[in-house]
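Each remark here refers to the structure printed beneath this line.
Chain A is the first sequence line, chain B the second, and so forth, proteins listed ahead of strands; every chain is numbered from 1. Scope of the values below: all heavy atoms of this structure, side chains included, with no hydrogens, waters or symmetry mates.
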There are 2 protein chains.
Amino acid sequence: MPTRERTSTNEIITAGRELLEDGGPAGLTMQAVASRVGVRAPSLYKRFRDRDALVSAVAAAAVDDLGARLESVGSGLPRLADAYRAFAHEHPEAFRLIFTASAPVEALDRAAAPVLRAARELVGDDRALDAARLITAWATGFLQMELTGAFRLGGDVDEAFDYGLDALVRGLAPWPDA
Amino acid sequence: MPTRERTSTNEIITAGRELLEDGGPAGLTMQAVASRVGVRAPSLYKRFRDRDALVSAVAAAAVDDLGARLESVGSGLPRLADAYRAFAHEHPEAFRLIFTASAPVEALDRAAAPVLRAARELVGDDRALDAARLITAWATGFLQMELTGAFRLGGDVDEAFDYGLDALVRGLAPWPDA
DNA sequence: ACCTGAACACCGTTCAAGT
DNA sequence: ACCTGAACACCGTTCAAGT
């Protein structure tokens, strides 16, 4: 006689995201997740091979959210950058997790699509990929440093972000002296 | 009667760095470190408050190495960028660790000095800090993505790095249309 | 078919006891 | 003064047994 399901993959992932945000990766334990969804830890292994698989699923869900967010904002680079930064501020732990070994690389491709589009508009097809990498690397590094509190030499961080974006666009735009 | 010291703070940190590089953060356990320096785990608590303190010391040592490396290379931006990238390739785990919560922020300041100098030469005093943040954020994000294997859409990664650096310099340099 | 208690290996940490 | 064994709490994981 089959026992009725007492939880679901989605519920587990949601619980994982909540625990991650308010306890960091160390708070995302199998026992904490299980107890939050009303089950015992061993039951989680019915749906995830191990903790690493669960963490990856949590990261993938976050990336999907991020991708939807970027899609919804159009292809203007400033809008994209702001949306990216807003996501990082709202889900700092998830943002950090995304760029860790447990990151699901193929999910990242979808989230990167809007940036690639914006880069193409700016520099054309040939250099679109390089330009997208430049922009993404800058924004990711900046946010990571901002979240870790590495910006302690003073100065306005918001202004530094805008300054960076402007300089990037200037450096990427086809310049007139050619 | 005092027992003679069987290890030292430096030896412990060195052991920690080695374990980190070949087993990731998960390989950096108190027991593994202890056994590598010929002591039992509880002895480590004579010199480090807890594992986190040890991990921070490991990160600080790595940052010091990085700083020395950047100092030794002068203030040319391309040289600095290459040295930064070389360090990340040689010590990927340490590089990742540096930009984690356990990062010792004040040690980062020293390592950032050469970049700040290069930025000042490029854009002048007023914008030196913003420019340094742009460059550091880009390089850090780029290397982090490279190490994590996030660059899977093809294209030459070396070339993308050079392209990014060129665009950055172009965007930062005082441009002629003013 | 899903869930559980019990068990195991491993980890961080404390502490009284050794020298 | 430094080191240790023993102990504790906690974690990930397995598995036989329940329904």
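Considering only side-chain atoms of B:T7, the nucleotide from C:dC3, D:dC3, D:dT14 that sits closest is D:dC3. In this structure, the nucleotide among C:dG12, D:dT14, D:dG5 sitting nearest to the side chain of A:Y45 is D:dT14. Checking C:dT13, C:dC11, D:dT19 against the side-chain heavy atoms of B:T29 singles out C:dC11 as nearest. Closest to the side chain of A:R51, from the set C:dG18, D:dT13, C:dG12, is D:dT13. Of all nucleotides listed (C:dC11, C:dC3, D:dC3), D:dC3 comes nearest to the side chain of B:V39. With D:dA6, D:dA1, C:dC2 as the choices, the nucleotide that has an atom nearest any side-chain atom of A:T3 turns out to be C:dC2. Ranking D:dT13, C:dC11, D:dT19 by closeness to the A:M30 side chain, first place goes to D:dT13.
Between the CD1 atom of A:I12 and the P atom of D:dG12 there is a distance of 14 Å, rounded to whole Å. Following rounding to the nearest Å, A:Q31 (CD) and C:dA7 (P) show an atom-to-atom distance of 16 Å. Between the NZ atom of A:K46 and the P atom of D:dA16 there is a distance of 13 Å, given to the nearest Å. At whole-Å resolution of the value, CG in B:L19 and C1' in C:dC11 are 15 Å apart. Atom-to-atom, CG of A:L54 to P of D:dT13 comes out at 10 Å; the value is rounded to the nearest Å. In this structure, CZ of A:R47 is placed 10 Å from C1' of C:dC3, rounded to the nearest angstrom. Note: CZ (A:R4) to C1' (D:dG18) measures 18 Å, nearest angstrom. Across the protein-nucleic acid pair, A:F48 atom CZ and C:dC3 atom P stand 12 Å apart, rounded to whole Å.
In this model, the phosphate group of C:dA1 is not approached by any side-chain N or O of A:R6 to a distance below 4.0 Å at OP1 or OP2. For D:dG5, one of the phosphate oxygens OP1 or OP2 lies less than 4.0 angstrom from a side-chain nitrogen or oxygen of B:R40. Distances shown here put every side-chain N or O of A:S43 at or beyond 4.0 Å from the OP1 or OP2 atom of C:dC2.
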For DNA chain D, the dot-bracket notation using Watson-Crick and G-U wobble pairs below 3.5 Å, [ ] for pseudoknot-type crossings and | for other-strand pairs, is ||.|||||...|||||.||
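Between B:E90 and B:R69 there is a salt bridge, since a side-chain N of the basic residue sits under 4.0 Å from a carboxylate O of the acidic one.
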For B:H89 and B:L147, run side chain to side chain contact (heavy atoms under 4.5 Å, CB included): C-alpha distance rounded to whole Å, both residues' side-chain angles, the deciding distance at 0.1 Å, then the answer.
CA-CA 8 Å; B:H89 287 175; B:L147 293 179; 4.3 Å; yes
Would you check, one step at a time, whether the test side chain to side chain donor-acceptor pair (under 3.5 Å) holds for A:Q144 with B:T140?
CA-CA 9 Å; A:Q144 209 132 187; B:T140 303; over 6 Å; no
Between A:D64 and A:R110, does a side chain to side chain contact (heavy atoms under 4.5 Å, CB included) hold up when you go through it step by step?
CA-CA 8 Å; A:D64 284 346; A:R110 276 203 314 282; 2.3 Å; yes
Test side chain to side chain donor-acceptor pair (under 3.5 Å) on A:T136 and A:Y84 and set out the steps.
CA-CA 10 Å; A:T136 307; A:Y84 196 49; over 6 Å; no
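Remark: side-chain polar atoms of A:R127 are not paired, donor with acceptor, to backbone N or O of B:Y163 under 3.5 angstrom.
A continuous path of Ile, Leu, Val, Met, Phe, Trp and Tyr side chains, each step under 4.5 Å between heavy atoms, connects A:I13 with A:M30, placing both in one hydrophobic cluster.
With rounding to the nearest 0.5 angstrom, the CG atom of B:D82 is 8.0 Å from the CG atom of B:L165.
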